[in-house]
Amino acid sequence: MAENNAYQNALAQYDKAVAHLKLKRGIAEYLRYPKRELTVNFPVKLDGGDVKIFTGYRVHHSTTLGPTKGGIRFHHDVTLDEVRALAMWMTWKCSLMGLPYGGAKGGVIVDPKTLSANELETLTRRYATEISILMNPKGDVPAPDVGTTPQIMAWIMDTYSMHQGFSLPAVVTGKPVEIGGSLGRIEATGRGVMFAAREAMKQINLPIENATVAVQGFGNVGSIAARAAHEMEMKVVAVTDVSGGVYNPNGLDIPALIGRFNDNRSVVGFPSADSISNDELLALKVDVLIPAALENQITSANASAVKCRVLAEGANGPTTPEADDILNDKGIFIIPDILCNGGGVVVSYLEWVQDLQSFFWEEDEINKQLERHVVNAFKRVLGEAQQRNIDNRTAAQVLAIRRVAEALMIRGIYP
Ligand code: NAD
């Protein structure tokens, strides 16, 4: 098995969890596969007049618990297998967080940094049109992921609404607040990561004040998690992005780093810090390590070098099954992705509910609900892990898969 195939990794995790459940063979088999997959090849007129063909995907893994939910990724390495894995993880994440959603994911093979603003808008609107045979407010609701932003969500909402003839903000979440987005959505995933990290630290009696933190990836999830850690009086000592990273053992000035990032689009060269590579960051002796970039960052090749106490998976699928075994043997407390970054989809759900009822809540209310969902899910995962004497990831998947399988049995196999 190729260790860097995210879908194979998702299946390996699934099979490991299913071994602890007494599912009928057909049900276990059914939930291994995506329900439906759409591949779209579509033209985009570039600023210079040329036409370029792009490929995108939208995969629905399961609709058992409700409409499908899952982000859209714009990245040059997107593959159908990656989107399948991310869709499957969304099913388990929504289930674990107690939401009435199935899982989906979308992606376009594109490096958005190579496009002008006009080209990015055109590509987004055409992709939204292509996937609108699957996407709709009652059936499939996308959200941001790597390489996509609130502005891109706004273009998707506008495109879909133009085709319908009236505004349907609930077709997508992670929108700007001005057009039906939720307060607290931009921050939700990173905040949720730190709620989960805080619970893990309490669990292993690790003091929060001055705890050292390293963050890989400084996008939506990584930068907000770093800011939340800073606000909780932890010491963020290292941060990397795709171009490199910065390290200061006494702690980085995170608000200043965010300010610089907003101007330069990179953390590299931040004053009063040394430079650090991604490999070095992952091997730092820190209390909390937060991978918040892409899949397969911690593998059998580097897992034995990882020295954190808590691994808080901001990214989806950052740790391969082979690496999992190594980290578990080392006694590292892993907060698995579907729990750790589940705060994002919780607030996406709250955004969708607000849009459907056209009634909006204060940020305080949103943040309380976010914290409640993450802390409750954390406690359930820990309880399941302790009761069955299994690792946290398997426990999270056992809980998530069981809820979907039970719903499937109650609904019955159609026809
Ligand atoms: P983003 O595009 O905002 O940021 C990604 C960051 O990762 C960027 O800073 C980029 O420079 C960095 N990066 C990319 N490749 C890297 C590498 N090889 N080494 C170091 N850094 C690298 O994306 P995001 O929304 O923050 O998503 C990050 C991860 O979190 C993904 O796995 C995504 O699926 C997951 N996630 C996102 C959300 C959300 O609400 N946005 C919710 C749940 C999970």
Side-chain angles (χ1 to χ4, degrees), residues 4 6 10 69-78 82-83 85-90 92-94 96-97 103 105-107 110-113 142-153 172-175 181-182 184-193 196 214-227 238-246 257-258 261-262 264-268 276-282 289-299 302 312-319 335-349 351 370 374:
N4 61 3
K69 192 85 192 80
I72 290 172
R73 179 171 291 193
F74 285 180
H75 193 274
H76 52 274
D77 287 336
V78 162
E82 178 184 53
V83 180
L86 291 163
M88 189 179 198
W89 285 324
M90 282 308 298
W92 311 141
K93 191 183 304 181
C94 293
L96 180 67
M97 302 315 285
K105 206 78 182 190
V110 60
D111 179 353
K113 289 196 216 83
D145 190 73
V146 173
T148 52
T149 58
Q151 175 62 70
I152 290 173
M153 298 305 115
V172 68
T173 60
K175 300 176 296 293
S182 177
R185 172 59 187 94
I186 288 179
E187 299 85 357
T189 311
R191 266 189 196 138
V193 166
V215 186
Q216 184 204 30
F218 208 61
N220 176 268
V221 180
S223 66
I224 303 286
R227 195 178 76 194
V239 167
T240 52
D241 62 27
V242 69
S243 322
V246 287
L257 184 59
I258 290 174
F261 182 85
N262 290 341
N264 297 335
R265 308 316 302 163
S266 176
V267 299
V268 175
I276 188 170
S277 70
N278 252 307
D279 288 345
E280 289 166 338
L281 176 135
L282 295 173
L289 175 62
I290 305 176
L294 295 169
E295 303 90 61
N296 305 328
Q297 297 303 299
I298 305 176
T299 67
N302 62 357
E313 293 186 336
N316 288 308
T319 312
I335 315 172
D337 46 9
I338 61 170
L339 167 62
C340 195
N341 68 41
V345 72
V346 167
V347 177
S348 270
Y349 166 64
E351 176 175 335
L370 163 67
V374 173

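Both counts, for ligands and for their atoms, begin at 1 and track the order of listing. Basis for what follows: all heavy atoms, side chains included, without hydrogens, waters or symmetry-related copies.
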S.K.: Nearest protein heavy-atom contact for atom 29 (C) of ligand 1: which residue, which atom, what distance?
M.R.: Ala293 O, 3.2 Å
S.K.: Please list the nearest protein heavy atom to atom 23 (O) of ligand 1 with its residue and the distance rounded to 0.1 Å.
M.R.: Val146 CA, 3.4 Å
S.K.: Going by the order shown, which atoms of ligand 1 are within less than 4.0 Å of some heavy atom of Gln216?
M.R.: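 Near Gln216, meaning under 4.0 Å from one of its heavy atoms, ligand 1 has 19 (N), 20 (C).
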S.K.: Under a 4.0 angstrom heavy-atom cut-off, which atoms of ligand 1 come close to Leu294?
M.R.: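 Counting atoms of ligand 1 from 1, those under 4.0 Å from Leu294 are 15 (N).
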S.K.: Within the side chain of Glu295, is there an N or O that forms a donor-acceptor pair under 3.5 Å with the backbone of Asn4?
M.R.: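 Not a single qualifying donor-acceptor pair exists.
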S.K.: Where's the contact between Glu313 and ligand 1, heavy-atom distance under 4.0 Å: side chain, backbone, both or neither?
M.R.: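 It is neither; nothing of Glu313 touches ligand 1.
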S.K.: So, is Asn341 polar-close to ligand 1, with some N/O to N/O distance under 3.5 Å?
M.R.: no
S.K.: Is the closest side-chain heavy-atom distance between Asp241 and Phe261 below 4.5 Å?
M.R.: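 Yes. Closest side-chain heavy atoms under 4.5 Å.
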S.K.: So which bit of Ala188 gets within less than 4.0 Å of ligand 1, heavy atoms only: side chain, backbone, both or neither?
M.R.: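 Answer for Ala188: neither.
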S.K.: So is Glu82 touching ligand 1 or not, going by heavy atoms under 4.0 Å?
M.R.: no
S.K.: Note the single closest protein heavy atom to atom 6 (C) of ligand 1, along with its residue, its atom name and the distance in Å.
M.R.: Gly219 N, 3.7 Å
S.K.: From atom 24 (P) of ligand 1, work out which of Thr240, Val221, Asn278, Val242 has a heavy atom at the shortest distance.
M.R.: Val221
S.K.: Counting non-hydrogen protein atoms only, what is the nearest one to atom 40 (O) of ligand 1? Give residue, atom name and distance.
M.R.: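 The closest heavy atom on the protein side is Thr189 OG1, 2.8 Å.
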S.K.: Supply the atom-to-atom distance Ile298 CD1 to Leu282 CG, rounded to the nearest 0.5 angstrom.
M.R.: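 The CG atom of Leu282 is 5.5 Å from CD1 of Ile298, to the nearest 0.5 Å.
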S.K.: Judged by atom type as modelled, is there a donor-acceptor pair below 3.5 Å linking the side chain of Ser182 to the main-chain atoms of Arg185?
M.R.: no
S.K.: Could you tell me the separation between the CG atom of Asn316 and the CE atom of Met88, rounded to the nearest 0.5 Å?
M.R.: 13.5 Å
S.K.: By salt bridge (Lys or Arg N to Asp or Glu O under 4.0 Å), which residues pair with Lys105, not counting sequence neighbours?
M.R.: Asp145
S.K.: Please say whether Arg73 places an N or O atom under 3.5 Å from an N or O atom belonging to ligand 1.
M.R.: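 Checking ligand 1 against Arg73, an N or O pair does fall under 3.5 Å apart.
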S.K.: Does any non-hydrogen side-chain atom of Arg227 lie less than 4.5 Å from one of Glu187?
M.R.: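 In short, these two side chains touch, coming nearer than 4.5 Å.
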S.K.: Which pair of non-hydrogen atoms, one from Val346 and one from Leu370, has the smallest distance, and what is that distance?
M.R.: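 Where Val346 meets Leu370 most closely, the heavy atoms are CG1-CA, 4.3 Å.
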S.K.: Heavy-atom contacts under 4.0 Å between Glu295 and ligand 1: side chain, backbone, both, or neither?
M.R.: neither
S.K.: Can you find a heavy atom in the side chain of Asp77 that is under 4.5 Å from one in the side chain of Glu82?
M.R.: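 Of all side-chain heavy-atom pairs linking Glu82 with Asp77, none is under 4.5 Å.
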S.K.: Report, in ascending order of atom number, the atoms of ligand 1 lying under 4.0 Å from any heavy atom of Arg185.
M.R.: 40 (O)
S.K.: I'd like to know whether ligand 1 has Gly344 as a neighbour, heavy-atom separation below 4.0 Å.
M.R.: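 In this structure, Gly344 fails to qualify as a contact of ligand 1 - no heavy atom is under 4.0 Å.
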S.K.: Among all protein heavy atoms, pick out the one at the shortest distance from atom 9 (O) of ligand 1; state its residue, atom name and that distance to 0.1 Å.
M.R.: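 Answer for atom 9 (O) of ligand 1: Phe218 N, 2.9 Å.
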S.K.: What residue among Val267, Ile224, Thr240 forms side-chain contact (heavy atoms from CB on, under 4.5 Å) with Phe218?
M.R.: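 Of the listed residues Val267, Ile224, Thr240, the side-chain contact (heavy atoms from CB on, under 4.5 Å) partner of Phe218 is Val267.
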S.K.: Using a strict 4.0 Å cut-off to heavy atoms of Asp241, name the atoms of ligand 1 that fall inside it.
M.R.: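 Heavy-atom distances to Asp241 below 4.0 Å select 9 (O), 11 (O), 20 (C), 21 (N), 22 (C).
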S.K.: What is the closest protein heavy atom to atom 3 (O) of ligand 1, and at what distance does it sit?
M.R.: Asn220 N, 2.9 Å
S.K.: When you measure from atom 33 (C) of ligand 1 to every protein heavy atom, which one gives the shortest distance, and what is it?
M.R.: Asp145 OD1, 3.1 Å
S.K.: Would you say the side-chain atoms of Glu313 pair up with the backbone N or O of Asp337, donor to acceptor, closer than 3.5 Å?
M.R.: yes
S.K.: Where is the nearest protein heavy atom to atom 2 (O) of ligand 1: which residue, which atom, and how far?
M.R.: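 Minimum-distance protein heavy atom for atom 2 (O) of ligand 1 reads Gly147 N, 3.0 Å.
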S.K.: Using a distance-only test with no angle check, is there a side-chain donor-acceptor pair under 3.5 angstrom linking Asn302 and Asp279?
M.R.: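 Judged by distance alone, the side chains do not pair up.
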S.K.: Is the closest N or O pair between Gln297 and ligand 1 shorter than 3.5 Å?
M.R.: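 No, there is no polar N/O contact under 3.5 Å.
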S.K.: Once rounded to the nearest 0.5 Å, what's the spacing between atom NE2 of His76 and atom NZ of Lys113?
M.R.: 8.0 Å
S.K.: Quick one: does His75 get a heavy atom under 4.0 Å from ligand 1?
M.R.: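 It does not, in that no heavy atom of His75 comes within the 4.0 Å cut-off of ligand 1.
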